[in-house]
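Numbers restart at 1 for each chain; the letters A, B, ... are given by sequence-line order, proteins then strands. Bear in mind that the values here come from a model prediction, so they are computed numbers and not experimental data.
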Protein chains: 4
Amino acid sequence: MSPKRSSGTRGPSGSRRRAELLAIAADLFARRGFQATTVRDIADAAGILSGSLYHHFDSKETMVDEILRDFLDSQRRAQERVLADSGDARDRIAGLVRQSFRTVHRHRAAVVILQNESNHLATSDRFAYLRAAAGDFERTWTRVLQEGQRAGVLRADLNVKLAYRFIRDAVWTSVHWYNPRGRLTLTAVAEQYVTILCDGIAVAETKR
Amino acid sequence: MSPKRSSGTRGPSGSRRRAELLAIAADLFARRGFQATTVRDIADAAGILSGSLYHHFDSKETMVDEILRDFLDSQRRAQERVLADSGDARDRIAGLVRQSFRTVHRHRAAVVILQNESNHLATSDRFAYLRAAAGDFERTWTRVLQEGQRAGVLRADLNVKLAYRFIRDAVWTSVHWYNPRGRLTLTAVAEQYVTILCDGIAVAETKR
Amino acid sequence: MSPKRSSGTRGPSGSRRRAELLAIAADLFARRGFQATTVRDIADAAGILSGSLYHHFDSKETMVDEILRDFLDSQRRAQERVLADSGDARDRIAGLVRQSFRTVHRHRAAVVILQNESNHLATSDRFAYLRAAAGDFERTWTRVLQEGQRAGVLRADLNVKLAYRFIRDAVWTSVHWYNPRGRLTLTAVAEQYVTILCDGIAVAETKR
Amino acid sequence: MSPKRSSGTRGPSGSRRRAELLAIAADLFARRGFQATTVRDIADAAGILSGSLYHHFDSKETMVDEILRDFLDSQRRAQERVLADSGDARDRIAGLVRQSFRTVHRHRAAVVILQNESNHLATSDRFAYLRAAAGDFERTWTRVLQEGQRAGVLRADLNVKLAYRFIRDAVWTSVHWYNPRGRLTLTAVAEQYVTILCDGIAVAETKR
DNA sequence: GATGAATGAGGATTCATTCAT
DNA sequence: AATGAATGAATCCTCATTCAT
């Protein structure tokens with residue numbers, strides 16, 4: 001009958017429509033929330049009837065699913081690329097922060113959805129992979145932070161798990177307020193964050 | 001019928017029931033999301049019928065409204081108390097962070113709701129005060145940070161608005177993962193955060 | 001426990017409260033409709049809690065019931081008084097019209113309720129007497145009209161049943177628009193109606 | 001989804017379904033009252049589920065709205081047609097009465113609804129046009145009556161506003177009792193009413 | 001690839017009524 | 001004579017989803 005899981009033979013155009021619809025859905029999910037966004041909202045925004053969406057997707061859940069998987073894959077791949085380049089711990093951490101900013105803002109909608117909805121999405125089996133992915137990211141980061149500590153580049157009194165959360169929360173949450181058309185470039189924000197993170201907001205007296 | 005606006009010095013029991021119900025609702029809103037929580041969920045958790053909730057509250061919206069106002073008032077008052085105590089900028093900032101941790105975790109549910117739902121709640125007029133409150137907090141923090149900069153206690157190259165967001169996001173988001181029954185005390189987390197924030201995660205070589 | 005059907009011993013004050021409450025209810029039923037008026041609306045208007053109304057009345061239905069019976073009794077008695085006075089058919093009819101105006105406007109609320117709600121109230125057994133009363137009035141009127149016809153005072157080509165309805169509808173409906181605080185006295189309206197009714201709106205050429 | 005505003009030259013079937021549903025609803029509203037008629041009653045009568053009604057209409061209110069507008073438009077157009085034909089005042093008035101009978105009985109349900117519910121419907125902004133339409137009809141009628149008076153065809157002592165109400169109430173209310181399957185044709189009733197109205201119920205002695 | 005009619009389950013809310021106090 | 005908490009049934013409406021065309 002139709003595409004739905006046209007994984008194999010999806011002609012470029014069929015795939016394009018899907019992607020368009022997903023982008024529209026992602027945007028609405030991010031702005032109004034997953035539950036609050038009705039299938040009809042999405043259809044309206046796409047200029048079709050709500051029933052017609054089911055030609056492309058099995059369900060509303062399938063849409064978020066695809067949106068979130070897309071983002072998580074991107075993020076994973078990007079992180080691997082950063083970690084492939086060697087460098088000292090400080091460089092690696094700075095690199096991860098910069099890369100997070102880029103990926104996170106390239107998938108704004110997905111990140112907002114992840115933050116707002118993952119709590120109750122993740123209660124369903126279908127989205128168990130969300131918790132898994134969160135665990136993966138945490139392990140990657142804490143490993144890097146521990147290496148930094150062992151190498152004497154990071155403070156010994158640092159609780160790495162806590163530091164990871166501190167970083168992740170600060171960076172990811174920026175998606176809620178960063179305006180790409182505003183004064184600050186994303187890179188500028190990333191640099192400030194790297195600075196604050198590494199050296200603190202205080203002037204060093206010679207650090208205590 | 002009767003309560004609905006428990007104004008004044010209502011007898012402890014009338015007011016108590018309201019407060020109980022609000023606590024139950026807040027918990028559910030935080031865990032499942034506002035939209036995803038049905039009035040029946042709340043009533044079930046309270047051991048009454050869903051219709052009976054309307055003896056106490058006009059609507060589900062009224063409940064979040066009250067929950068959020070409660071928190072914002074607490075937070076405002078707590079902040080004022082901290083700022084009343086003098087001290088150098090570093091102490092004031094550390095004080096604000098510690099206090100934020102305390103208030104934020106005393107109103108865990110409210111903060112989670114605020115983070116997850118304020119985006120779409122704030123689109124309605126009824127919740128316009130959410131944006132206003134956010135503005136107030138930002139102004140308070142940036143004022144304190146600027147004073148610190150002028151006093152030469154904070155780095156001159158700091159973008160205070162950005163620093164504020166960095167701090168707020170890191171501190172407030174902790175509510176999603178901090179477990180009061182876990183190994184770390186809240187105070188320990190707060191201290192780590194103050195340290196990271198003020199002095200960074202890196203070892204000072206003598207700060208650049 | 002309480003009054004409710006305090007028919008026998010109702011002390012003047014207990015009875016007064018009942019009457020007050022009925023007047024309040026009648027007014028609301030007339031303005032908003034029986035169904036649309038909630039028990040709480042009535043209680044609010046009376047300055048008590050909705051549950052407290054049940055100290056006085058068994059149910060909302062009991063209230064309309066009493067309101068309508070009151071009016072129908074008044075009307076019946078008034079009509080009998082008019083018909084007791086003799087006079088020619090024209091005087092009797094004019095008398096009935098004048099009296100109808102008086103009674104109908106003295107019980108404005110009841111009449112409005114009767115017109116707006118009797119259709120579906122009368123479907124219930126409890127209100128079967130509404131249909132009966134309507135039949136009584138019709139019989140009274142048509143008898144008087146027929147006498148007039150036999151006496152040669154009313155046109156022979158008159159369908160008396162139709163004429164009755166014409167009159168009743170015109171007179172009773174006035175309750176919807178007549179404003180006692182307006183320019184026209186009720187008597188003036190009644191006289192115009194008697195004139196139109198008896199002699200028509202047209203100038204006689206010598207009536208056809 | 002789709003219809004909701006069956007604007008334009010919609011295919012006969014889409015429009016037909018809407019019209020069918022409206023007829024069913026009008027009938028129920030007239031018989032049981034607007035409030036007393038549940039959306040389920042309508043759906044049951046139409047043989048669909050209550051939710052399915054919302055495929056065609058936004059709300060129960062939208063249904064009455066459409067029913068009433070339909071009638072008012074018909075009535076307006078019919079009146080204009082009558083007034084386009086010249087004739088003396090008596091003919092014009094007789095014409096208006098006859099036409100009113102026809103239109104009013106062609107839209108029985110709408111007229112009953114109008115009479116029973118317009119009072120409280122008209123309190124909402126959405127139905128402000130009901131008051132406006134009432135004003136228009138009154139103006140049309142009083143104009144015609146005044147012309148008749150000036151032309152010496154109608155009595156000089158007639159209060160035209162009152163006469164209008166007398167006529168309207170008598171004619172419109174007939175909808176409550178006239179039975180199209182009864183002995184009298186609608187035309188016969190109309191003629192009786194025209195006669196009573198113009199020449200009164202009394203035999204002329206030579207009119208006073 | 002889309003329409004349009006409908007389903008069916010559920011959701012927030014209302015409301016007459018009860019009853020212990 | 002009244003309160004205040006609660007019931008339980010019903011109401012309007014929403015929405016993801018289906019399916020014949």
Practice problem: Start with the C-alpha gap between C/Gln115 and D/His176, add the side-chain angles, then the distance that decides, and say whether side-chain hydrogen bond (donor to acceptor under 3.5 Å, both in side chains) holds. | Solution: CA-CA 10 Å; C/Gln115 288 182 320; D/His176 284 296; over 6 Å; no

Practice problem: Walk me through it: do D/Arg69 and D/Asp73 pass the test salt bridge (Lys or Arg N to Asp or Glu O under 4.0 Å)? | Solution: CA-CA 6 Å; D/Arg69 283 179 190 278; D/Asp73 285 354; over 6 Å; no

Quiz prompt | Criterion side-chain hydrogen bond (donor to acceptor under 3.5 Å, both in side chains) on C/Arg131 and C/Thr123, from CA distance to verdict | solution = CA-CA 9 Å; C/Arg131 267 193 303 274; C/Thr123 60; over 6 Å; no

Exercise. Please report the C-alpha distance between B/Leu130 and B/Leu72 in whole Å, then the side-chain angles of each, then the deciding distance to 0.1 Å, and finally whether the side chain to side chain contact (heavy atoms under 4.5 Å, CB included) criterion is met.
Key: CA-CA 9 Å; B/Leu130 292 178; B/Leu72 292 175; 3.9 Å; yes

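Figure legend. E/dA20 is base-paired to F/dT3; pairs are counted as Watson-Crick or G-U wobble with both atom distances under 3.5 Å.
In this structure, D/Asp41 places its CG atom 14 Å from P of F/dC13, rounding to the nearest Å. Straight-line distance from the CG atom of A/Asp65 to the P atom of F/dA16: 17 Å, rounded to whole Å. C/Leu53 places its CG atom 12 Å from the C1' atom of F/dA1, with the value rounded to the nearest Å. One atom, NE2 of D/His56, and another, C1' of E/dT7, lie 12 Å apart when rounded to the nearest Å. B/Leu28 places its CG atom 13 Å from the P atom of E/dG11, with the value rounded to the nearest Å. In this structure, CZ of B/Arg18 is placed 10 Å from P of F/dA5, rounded to the nearest angstrom. Note: CG (B/Asp58) to P (E/dT13) measures 9 Å, nearest angstrom. Distance NZ (D/Lys60) to P (E/dT14): 15 Å, rounded to an integer number of Å.
Residues C/Glu61 and D/Leu21 each lie close to DNA chain E; by heavy-atom proximity, the contact nearer the 5' end of the strand is made by D/Leu21. Comparing C/Val39 and D/Gly47 along DNA chain E, the residue whose closest nucleotide (by nearest heavy atom) sits nearer the 5' end is D/Gly47.
Under 4.0 angstrom from either OP1 or OP2 of F/dT14 there lies no side-chain N or O belonging to D/Tyr54. Considering only side-chain N and O atoms, D/Arg17 lies under 4.0 angstrom from the phosphate OP1 or OP2 of E/dA6. Contact check, C/Arg40 against E/dT17: no side-chain N or O comes under 4.0 Å of OP1 or OP2.
C/Thr37 places a side-chain N or O within donor-acceptor distance of the main-chain N or O of C/Gly33, the cut-off being under 3.5 Å.
Heavy atoms only, all atoms of each residue included: A/Ala26 and A/Ala109 are closest at O-CB, 3.6 Å.
Residues B/Asp41 and B/Thr38 bring a donor and an acceptor atom of their side chains to less than 3.5 Å of each other.
Here F/dA6 is the nucleotide among E/dT17, F/dC13, F/dA6 with the atom lying nearest to any side-chain atom of B/His55.
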Any protein N or O atoms within reach of nucleotides 8-10 of chain F? Criterion: under 3.5 Å, listing atom names and distances.
none

